[in-house]
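Report on one structure; see the data block that follows.
Numbering starts at 1 and runs along the sequence shown. Remember, it's a predicted structure, so these values are computed and weren't measured experimentally. For ligands, and for the atoms within them, numbers begin at 1 and follow the listed sequence.
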Amino acid sequence: MTKLAIMGAMQEEIDPLLEFFKEYKVVEYADNKYYETSYKGLDIVIAHSKIGKVFSSLTASTMIQKFSCDTLLFSGVAGAVNPNLNIGDMVIATQLCQHDLDITAFGHPNGYVPGGKVLVDSSKELLKIAKEVAQKNNLKVIEGIIATGDQFVHSNERKDFIEKTFNADALEMEGGSVAVVCDALNVPFFILRAISDSANGEANFDFDEFLHSSAKISSDYLVKIIDEL
Ligand code: ADE
């Protein structure tokens, strides 16, 4: 690895990382800020994309193609789908999908477009390192499928559809699109999320209450992983 990209979707998701790394060169590009820093001999670029699949694809491609990042790590929050996940628990994605990608009218499965994949695999090597770090630090982290869509999910009905259709453990709004970009550009990636809500009728209240604390849980773990890269 020569240059590491670290992404979040919201400013609140990268703030704890910016506080940790402290000093940056800020580069403005495509109506966004990219924070360049170095840590233990590693060059790092940090950015929040803004919410959703379009902005996160733009940011991931920019970090890879303009800033020459060759590994991408994502840190942020997610809604729980798996009932064993509570607020503050962490999920690392083994695979990601787009739950709102729908051309089923033409006989394709949910989440599929011809030439694409329903599920994109994250880097096995990065997952291995993440699991070792979790074990060493006694952290509760589950591996699972993360489903992404351009929707803040706040109903059991939609959540049940996502669980049944994709066997998802957690859902959010950026990981699946970042995964597609990294997969196409052959860049190993890893998506980490800490649970902020249960994607049910109370999700918007829980999200507001737990965004900061869960973003910090995710970023603290991410820093421990970076120490082992
Ligand atoms: N990120 C965190 N919680 C979420 C939810 N309920 N829906 C979509 N993205 C989320």
Side-chain angles (χ1 to χ4, degrees), residues 6-17 46-60 72-102 110-111 118-120 122 140-181 189-222:
I6 307 179
M7 269 185 78
M10 301 173 70
Q11 183 71 44
E12 290 86 343
E13 290 171 318
I14 64 163
D15 274 344
L17 293 160
I46 303 170
H48 83 279
S49 57
K50 298 189 278 283
I51 293 167
K53 295 197 290 181
V54 173
F55 279 131
S56 58
S57 304
L58 173 63
T59 301
L72 187 150
L73 308 182
F74 192 109
S75 173
V77 303
V81 178
N82 180 333
N84 295 322
L85 283 170
N86 298 310
I87 287 169
D89 290 346
M90 287 185 283
V91 189
I92 44 177
T94 49
Q95 296 182 302
L96 298 105
C97 63
Q98 297 178 63
H99 66 74
D100 59 348
L101 183 52
D102 182 351
N110 278 292
V118 173
L119 291 164
V120 178
S122 28
K140 180 178 172 191
V141 181
I142 75 147
E143 287 181 272
I145 294 176
I146 293 185
T148 298
D150 281 325
Q151 301 168 346
F152 183 84
V153 177
H154 59 113
S155 79
N156 284 326
E157 195 188 354
R158 182 69 193 165
K159 184 165 84 154
D160 290 348
F161 164 80
I162 293 167
E163 182 178 24
K164 286 198 183 75
T165 312
F166 300 101
N167 197 22
D169 294 287
L171 56 82
E172 35 82 314
M173 303 178 70
E174 298 81 19
S177 40
V178 170
V180 170
V181 169
F189 72 94
F190 164 87
I191 311 285
L192 163 67
R193 298 281 186 168
I195 299 302
S196 56
D197 59 84
S198 296
N200 56 13
E202 279 94 58
N204 49 334
F205 301 109
D206 288 342
F207 180 88
D208 282 344
E209 186 172 350
F210 297 108
L211 168 62
H212 289 95
S213 55
S214 293
K216 174 88 170 98
I217 289 169
S218 176
S219 80
D220 285 352
Y221 176 41
L222 196 82

What does the N/O contact table under 3.5 Å look like for ligand 1?
{"from": "ligand 1", "atom 1": "3 (N)", "to": "Gly79", "atom 2": "N", "distance (Å)": "3.3"}
{"from": "ligand 1", "atom 1": "3 (N)", "to": "Asp197", "atom 2": "OD1", "distance (Å)": "3.4"}
{"from": "ligand 1", "atom 1": "3 (N)", "to": "Asp197", "atom 2": "OD2", "distance (Å)": "2.6"}
{"from": "ligand 1", "atom 1": "6 (N)", "to": "Val153", "atom 2": "O", "distance (Å)": "2.9"}
{"from": "ligand 1", "atom 1": "6 (N)", "to": "Asp197", "atom 2": "OD1", "distance (Å)": "2.9"}
{"from": "ligand 1", "atom 1": "7 (N)", "to": "Val153", "atom 2": "N", "distance (Å)": "2.9"}

With Glu143, which residues qualify under salt bridge (Lys or Arg N to Asp or Glu O under 4.0 Å), at least two apart?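 Only Lys131 meet the salt bridge (Lys or Arg N to Asp or Glu O under 4.0 Å) criterion with Glu143.
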Could you tell me whether a side-chain N or O of [X] sits under 3.5 Å from a main-chain N or O of [Y], the two making a donor and an acceptor?
X	Y	result
Lys159	Ser198	yes
Glu13	Val77	yes
Glu174	Gly52	yes

Check: Ser219/Ser75 side-chain N/O donor and acceptor closer than 3.5 Å: no
So, for Gln98 and Phe166, which heavy atoms are closest and what is the spacing to 0.1 Å?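 So the minimum-distance heavy-atom pair works out to O-CZ, 4.1 Å.
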